[in-house]
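The block underneath contains the structure these notes are about, expressed in structure tokens.
These values consider heavy atoms only, across backbone and side chains, with no hydrogens, waters or symmetry-generated copies.
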Amino acid sequence: MDLVFSRLDDSVARFTIHGATPAFANALRRSMIGEVPTLAIEDIRIYDNTSVLFDEILAHRLGMIPIKTDLSQYSPRADCSCGGVGCPGCTVTFTLSAEGPKMVTSGDLISMDPKATPVLDNIPIIKLWEGQKVVLEATAEVNYGKEHAKWEPTLACGYKEFPVITISENCDGCGKCVSECPRDVLEIADGKVSIRVVNGESKEKDCSMCRLCETACMDSEIGDESAIKIDADSTRFIFVVESDGSLPVKEIIERALLHIKSVSTDLIDALQEGL
């Protein structure tokens, strides 16, 4: 199995996996979404709230704010040495005290750990008018996206099978398929339709497999079969992963792969014990 990155930075990764199966691709996707732990606000004690929002709505908004997470310092509460009681190794406390008129944002949350802060300071929480006030204390804990979406480390995480474009000798170079392609994957070269190459890289992987080119080819009355065929390679997959900022996207991928390895090892051990 080979993995090739076309983009990798702290927030976004785009890569292709060769020699995999649909089952593995989906397992990797699900692991990145639900099996990589992050910090998120779970418990809130509200001392004063005279805003227009109910306490429950305010708590929900706070819970959905992504928090920078150092997994070398924090561990899931269920696995912590404190036994789930809550300690600096699995939880972090935030305080918020604001009085209107002002827009309360994530930057108004004061963390007891300077390294565990909201990813962005300008996330709106609530607008306070003159005389309105919010005073609260919140506890964030480490947990998994499979428990609640607020612990998911990804904003976007998906894949598609690698598109395969085949152009037969019947192509007469009419160009109708080229004009119909929404992603400029095709071009006319030497009187024939071909796949565009930009900066030495084929645009084939950008194909959305909408098959508008096939329809356009048949509308040109070329014959009983389209001269261009769009198919998919079920052993190659294109992934796009975007982090919410709580973890670098590289760490999300690595931890998801380690989770798959761990689960596979446990399954092998269980099978061997059963023999």
Side-chain angles (χ1 to χ4, degrees), residues 3-17 20 23-44 59-80 84 86-94 105-107 109 111-125 138-160 237-264:
L3 192 149
V4 179
F5 283 90
S6 58
R7 177 180 177 182
L8 179 62
D9 52 44
D10 283 345
S11 58
V12 179
R14 181 184 175 96
F15 59 92
T16 303
I17 294 180
F24 178 83
N26 193 44
L28 178 57
R29 179 190 68 85
R30 291 172 64 91
S31 294
M32 287 189 285
I33 294 173
E35 301 291 350
V36 180
T38 63
L39 278 167
I41 291 175
E42 172 69 355
D43 299 315
I44 298 177
H60 176 72
R61 290 189 175 186
L62 290 169
M64 297 304 293
I65 295 173
I67 299 171
K68 296 175 184 177
T69 306
D70 183 357
L71 291 178
S72 65
Q73 177 179 345
Y74 293 97
S75 61
R77 196 165 186 171
D79 303 329
C80 186
C87 70
C90 60
T91 61
V92 60
T93 302
F94 293 83
T105 67
S106 54
L109 284 167
S111 174
M112 298 297 103
D113 180 0
K115 295 182 180 179
T117 58
V119 171
L120 298 173
D121 292 336
N122 59 352
I123 301 173
I125 298 174
T139 301
E141 68 175 58
V142 180
N143 212 325
Y144 297 90
K146 62 184 179 181
E147 299 296 330
H148 193 281
K150 65 185 177 183
W151 283 296
E152 291 180 6
T154 57
L155 295 175
C157 183
Y159 68 91
K160 69 175 181 179
F237 303 90
I238 300 172
F239 274 83
V240 176
V241 185
E242 182 179 356
S243 170
D244 66 357
S246 55
L247 291 169
V249 71
K250 181 181 178 181
E251 184 174 357
I252 295 172
I253 298 170
E254 289 176 345
R255 288 185 175 272
L257 290 170
L258 288 173
H259 170 76
I260 294 174
K261 180 180 179 181
S262 175
V263 172
S264 301

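- With sequence neighbours excluded, the residues forming a side-chain contact (heavy atoms from CB on, under 4.5 Å) with Ser111 are Val92, Phe94, Asp113, Ala116, Thr117, listed by chain and number.
- Take Arg30 and apply the side chain to side chain donor-acceptor pair (under 3.5 Å) test, not counting sequence neighbours, and it matches no residue.
- With sequence neighbours left out, Asn26 forms a side chain to side chain donor-acceptor pair (under 3.5 Å) with Arg29.
- Every salt bridge (charged side-chain N to carboxylate O under 4.0 Å, His left out) that Asp43 has, sequence neighbours left out, goes to Arg77.
- Remark: His148 engages Met64, Lys150, Trp151 in a side-chain contact (heavy atoms from CB on, under 4.5 Å) (not counting sequence neighbours).
- Applying the side chain to side chain donor-acceptor pair (under 3.5 Å) test to Ser11 and every residue at least two apart in sequence or in another chain returns Asp9.
- Listed by chain and residue number, Phe15 satisfy the ring-ring contact (aromatic ring centres under 6.0 Å, His included) test with Phe5 (two or more places apart in sequence, or in another chain).
- The salt bridge (charged side-chain N to carboxylate O under 4.0 Å, His left out) test applied to Lys146 returns Glu35, not counting sequence neighbours.
- With Arg7 contributing its side chain and Ala13 its backbone, the two residues share no donor-acceptor pair below 3.5 Å.
- Under the side-chain contact (heavy atoms from CB on, under 4.5 Å) criterion, Asn122 pairs with Leu120, sequence neighbours left out.
- Between the Thr154 side chain and the Glu152 main chain, no donor and acceptor come within less than 3.5 Å of each other.
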For residues 250-258, please give each side-chain donor-acceptor pair under 3.5 Å, one per line with the distance, not counting sequence neighbours.
from: Glu251; atom 1: OE2; to: Arg255; atom 2: NE; distance (Å): 2.9

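- Listed by chain and number, the residues in a side-chain contact (heavy atoms from CB on, under 4.5 Å) with Pro66 are Val119, Ile123, Asp244 (sequence neighbours excluded).
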